[in-house]
Amino acid sequence: MKKIIIIGASSGIGARIATDFARAGWRVGIAARRENRLKDIQSVCPDNIIYKTIDVTAADCVGRFYDLIEMTDGMDVLLYAAGVGFQDPDLNQTKLTDTLQTNVVGYARILSAAYKYFRDTANVHTGQIAAITSVAGTRGMGIAAAYSSSKRFQQTFMDSLEQLAYTQRVNVRFTDIRPGFVRTDLLDAKHDYPMIMSVDYVCPLIERAIMKRKRRAVIDSRWKVIVGLWRMIPRCVWKRINLNM
């Protein structure tokens, strides 16, 4: 039986992917801060879903992550789906700190721990580290400076781990999943986001990218075109674009 650990599985994309993999016969370890939500998800497939509360901003998150791996009887795939983000043109210090603690510090802790797990277990079968980053990580966005910068960090950190794995001959693959706007609790419901997608639409595309072990997947094809276009915009022009929504 294949095993996947999902960090940030209490709602939205992480919760949907957890139940989909469990129904497909995988053993699924889920983690988040809200135990009541984790229990609700476990009740969908109690034979295949194991949960443990983990706060990725807490000092004990790595130990609890390794405990969850043991409870799940191992790990073939890690999916990091935890995330915090705000539209924050005022650069509120609380919002900035919350974003960086989850998207940078917590992310680096968990991915590093997953890398060490695959390095030290010397699995015959290739391990996989996947993370839901964002198209926002491809350009700095003034309206969400901390969020877009944290997503750039996530993408670069994964690139760095991939290089390290090659030099250390660690048997692990990497999957960087970059969705556009998805209607989840992360987004402010008061804003009208362009080309917003539903969880029901997005999750099968993410799951396919994980199963095929794609190195990078922009979700969806429309956003892939948008990202390709805005990457060609010169910096002197980009800084003049108003992204307020």
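These figures come from a predicted structure and were not determined experimentally.
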>> If you compare all heavy atoms of Asn103 against all heavy atoms of Ala82, which two are closest, and at what distance to 0.1 Å?
In response: OD1-O, 4.5 Å
> Do other residues, nucleotides or ligands put more than 12 heavy atoms under 6.0 Å from Lys95 NZ?
Replying inline: yes
>> Keeping Thr156 on the side-chain end and Phe153 on the backbone end, is there a donor-acceptor pair under 3.5 Å?
In response: no
> Rounded to the nearest 0.5 Å, how far does CG of Leu205 lie from CG of Asp220?
Replying inline: 7.0 Å
>> Let me confirm one number: the CG-CD1 distance from Leu79 to Ile210, rounded to the nearest 0.5 Å.
In response: 4.5 Å
> Is there a path from Ile196 to Val227 through hydrophobic residues (I, L, V, M, F, W, Y) whose side chains come within less than 4.5 Å of each other?
Replying inline: yes
>> Run the side chain to side chain contact (heavy atoms under 4.5 Å, CB included) test on Arg222 and Met197 for me, step by step, so that the C-alpha distance in whole Å, both residues' side-chain angles and the decisive distance to 0.1 Å come before the verdict.
In response: CA-CA 11 Å; Arg222 298 168 300 166; Met197 301 172 287; 3.4 Å; yes
> Hey, are the side chains of Arg240 and Val237 touching, using non-hydrogen atoms and a 4.5 Å cut-off?
Replying inline: no
> Can you list the steps and then say if Asp73 with Met1 is a side chain to side chain contact (heavy atoms under 4.5 Å, CB included)?
Replying inline: CA-CA 10 Å; Asp73 296 327; Met1 179 183 288; over 6 Å; no
>> Can you tell me how the ring of Tyr115 sits relative to the ring of Phe174, calling it parallel under 30°, perpendicular over 60° and tilted otherwise?
In response: parallel
> For atom CD of Gln168, is the number of surrounding heavy atoms from other residues, nucleotides or ligands below 6.0 Å larger than 12?
Replying inline: yes
> Are the side chain of Arg139 and the backbone N or O of Trp230 linked by a donor-acceptor pair below 3.5 Å?
Replying inline: yes
> Which heavy atom of Thr53 sits nearest a heavy atom of Arg33, and at what distance?
Replying inline: CG2-O, 4.1 Å
>> Looking at every non-hydrogen atom in both residues, tell me the closest pair between Ile30 and Ala18 and how far apart they are.
In response: CG2-CB, 3.6 Å
> Nearest 0.5 Å, what's the CD1-OG1 distance between Ile49 and Thr72?
Replying inline: 11.0 Å
> Distance from Phe21 atom CZ to Asn48 atom CG, nearest 0.5 Å?
Replying inline: 12.5 Å
>> Any side-chain to backbone donor/acceptor pair from Trp223 onto Met195? Under 3.5 Å, distance only.
In response: yes
> Does the Gln101 side chain pair with the main chain of Ala58, one donor and one acceptor, at a distance under 3.5 Å?
Replying inline: no
> Under a single-linkage definition using a 4.5 Å side-chain heavy-atom cutoff for Ile, Leu, Val, Met, Phe, Trp and Tyr, are Tyr147 and Val105 assigned to the same hydrophobic cluster?
Replying inline: no
>> Would you say Val44 ends up clustered with Ile50 if hydrophobic residues are merged whenever their side chains have heavy atoms under 4.5 Å apart, either directly or through other cluster members?
In response: no
> Are Gln42 and Lys39 close enough, and set up right, to give a side-chain hydrogen bond (donor to acceptor under 3.5 Å, both in side chains), and what steps lead you there?
Replying inline: CA-CA 5 Å; Gln42 185 191 43; Lys39 286 182 177 178; over 6 Å; no
> How would you list all residue pairs meeting side chain to side chain donor-acceptor pair (under 3.5 Å) that involve residues 19-30, not counting sequence neighbours?
Replying inline: Arg16-Asp20
> How long is the span from the CE atom in Met71 to the CD1 atom in Ile69, to the nearest 0.5 Å?
Replying inline: 11.5 Å
> How far apart are the closest heavy atoms of Val84 and Thr99, and which atoms are they?
Replying inline: O-CG2, 3.6 Å
> In terms of hydrophobic clusters joined by side-chain contacts under 4.5 Å, are Met232 and Val225 together?
Replying inline: yes
>> Measuring from atom OG of Ser150 to atom CG of Leu100, what distance do you get when rounded to the nearest 0.5 angstrom?
In response: 6.5 Å
> Do Arg109 and Phe65 touch side chain to side chain, with heavy atoms closer than 4.5 Å?
Replying inline: no
> Where is the tightest heavy-atom contact between Pro204 and Val199, given as atom of each residue plus distance?
Replying inline: CD-O, 4.3 Å
> Is there side-chain contact between Ile41 and Val28, with at least one heavy-atom pair below 4.5 Å?
Replying inline: no
> Checking side-chain contact (heavy atoms from CB on, under 4.5 Å) against Thr94, which of Leu96, Asn92, Thr97 comes through?
Replying inline: Asn92
> Cys61 and Asp55: side chain to side chain contact (heavy atoms under 4.5 Å, CB included), yes or no, with the steps?
Replying inline: CA-CA 6 Å; Cys61 70; Asp55 180 350; over 6 Å; no
>> Is it the case that the side chains of Thr133 and Gln154 hold a donor-acceptor pair, with the cut-off being a distance below 3.5 Å and no angle test?
In response: no
>> salt bridge (Lys or Arg N to Asp or Glu O under 4.0 Å), that's the test. Do Arg215 and Asp159 meet it? Break it down for me.
In response: CA-CA 10 Å; Arg215 177 59 182 87; Asp159 291 344; 2.7 Å; yes
> Can Tyr51 and Glu35 be said to form a side-chain hydrogen bond (donor to acceptor under 3.5 Å, both in side chains), step by step?
Replying inline: CA-CA 8 Å; Tyr51 79 85; Glu35 185 172 12; 2.9 Å; yes
>> Are Tyr201 and Val135 linked, directly or through intermediate hydrophobic residues, by side-chain heavy-atom contacts shorter than 4.5 Å (ILVMFWY only)?
In response: yes
> With no hydrogens and no angle check, is any side-chain donor or acceptor of Ser148 less than 3.5 Å from a backbone partner on Met141?
Replying inline: yes
>> Tell me the closest heavy-atom pair linking Lys116 and Tyr66, and the distance in Å.
In response: CB-OH, 3.8 Å
> Name the one of Lys214, Gln128, Arg216 that satisfies side-chain hydrogen bond (donor to acceptor under 3.5 Å, both in side chains) with Thr175?
Replying inline: Gln128
>> In the structure I gave you, are the side-chain heavy atoms of Lys2 and Ile4 within less than 4.5 Å of one another anywhere?
In response: no
> Can you list the steps and then say if Ile129 with Leu111 is a side chain to side chain contact (heavy atoms under 4.5 Å, CB included)?
Replying inline: CA-CA 7 Å; Ile129 295 175; Leu111 260 69; 3.7 Å; yes
> Can you tell me if Arg152 uses its side chain to pair, donor with acceptor, with the backbone of Gly137 under 3.5 Å?
Replying inline: yes
